[in-house]
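What follows is a set of notes on a single structure, which appears directly below.
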Amino acid sequence: MRKPIIAGNWKMNKTIKEALELINSLKRELVYIEGVDIIVCPPYTALSDASEILMDSNIKLGAQDVYWEHSGAFTGEVSALMLKDVGCEYVILGHSERRKYFFETDEAVNKKIKTSLSVGLTPICCVGETLDEREEEKTFDIIKRQLQGALKDLSQEDISRLVIAYEPVWAIGTGKTATPVQAEEVHKFIRTWLERHYSYQTSQELRILYGGSVKPSNTKELMREDDIDGALVGGASLESVTFIEIVKNAI
Ligand code: PEP
């Protein structure tokens, strides 16, 4: 039985003060919640304060990206060791916005996954097709290519420490959610791919999240599907009321 995950991707939103207000409210309201892993991924600037507040709470901290080198002359970048040092346990990698606006490739995602795993961070590796790709019936080819690239040369043990997020690009921030059937079809494809390339056990244990306009009203129906183990939530994670409801609907 896979424990569900609800992860909030705050993207480039919230000052430190705003971030702490939201985190305090989540902490208060979710303190008794069990049976779901709750993760928040604030911007880098709020990680340190967030980490202090979340210490000993049931809410885990994640970052939204990382660089693959451990240190050196890489102006503007943040290393996996630094994220670990600040208290992160998770890191979102290969988000479609990074692929689109920052030209991130599958090869870069692969290097970032390896670096993250080497310091004990859990990568949340995002894959997903664009609307054009879906309409051209290339969804499975795209997902396969992204998985092959991002997971290249990872051992079975590495894979067992990952979380994968299926995020159809056309559903992110658009208000259009994949139907449970559409989402499940791809989740099942991912799980079958994992079974073929690693093992049945690995494929059954790995958690696959859905992301793309998740809100309180559609969480339950998505989570009812066999292979959907939770959600990566963007817009609806920025308000405590909606994020709390999503978490409660995931149990
Ligand atoms: C995301 O950015 O990962 C995401 C799923 O965003 P939204 O929930 O706003 O579609």
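Just follow the structure's listing: the first ligand is 1, and inside any ligand the first atom is 1. Nothing here was measured: the structure is a model prediction, and the numbers come from that model.
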**Request:** Please name the pair of heavy atoms, one in V247 and one in V36, separated by the smallest distance, quoted to 0.1 Å.
**Result:** CG1-CG1, 3.9 Å

**Request:** Would you name the heavy atoms of P216 and I246 that are closest together and state the gap between them?
**Result:** N-CG1, 3.6 Å

Which atoms from ligand 1 have a heavy atom of [X] less than 4.0 Å away?
X	answer
G212	5 (C), 10 (O)
G235	7 (P), 8 (O), 9 (O)
S213	7 (P), 8 (O), 10 (O)
A171	10 (O)

**Request:** For the pair K11 and E97, find out whether any cationic side-chain nitrogen is under 4.0 Å from an anionic carboxylate oxygen.
**Result:** yes

**Request:** Counting heavy atoms only, name the option from A236, G173, G234 that's nearest to atom 10 (O) of ligand 1.
**Result:**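 It is G173 whose heavy atom sits nearest to atom 10 (O) of ligand 1.
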
**Asked** Going by the angle between their ring planes, with limits at 30° and 60°, are Y210 and H187 parallel, tilted or perpendicular?
**Response**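 Ring orientation of Y210 relative to H187: tilted.
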
**Message:** Before you tell me yes or no, could you show the steps for D65 and R98 under salt bridge (charged side-chain N to carboxylate O under 4.0 Å, His left out), namely the whole-Å CA-CA distance, both residues' side-chain angles and the distance that decides it to 0.1 Å?
**Reply:** CA-CA 9 Å; D65 191 26; R98 296 225 51 92; 3.0 Å; yes

**Message:** Any non-hydrogen side-chain atom of Y67 less than 4.5 Å from a side-chain atom of K111?
**Reply:**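 Result no, sub-4.5 Å side-chain heavy-atom pair not found.
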
**Asked** Do any heavy atoms of K11 fall under 4.0 Å from ligand 1?
**Response** yes

**Message:** Does the residue S96 have a heavy-atom contact with ligand 1, meaning some pair of atoms that are separated by less than 4.0 Å?
**Reply:**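 The answer is no, since S96 has no heavy atom less than 4.0 Å from ligand 1.
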
**Prompt:** Same cluster for L20 and Y44 if Ile/Leu/Val/Met/Phe/Trp/Tyr side chains link at under 4.5 Å?
**Reply:** yes

**Prompt:** Which residue and non-hydrogen atom of the protein lie closest to atom 3 (O) of ligand 1, and at what distance in Å?
**Reply:** E167 OE2, 2.7 Å

**Asked** Where does N9 meet ligand 1, judged by heavy-atom distances below 4.0 Å: at the side chain, the backbone, both, or neither?
**Response** side chain

**H95 N/O to ligand 1 N/O under 3.5 Å** =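 Between H95 and ligand 1, an N or O pair is found under 3.5 Å apart.
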
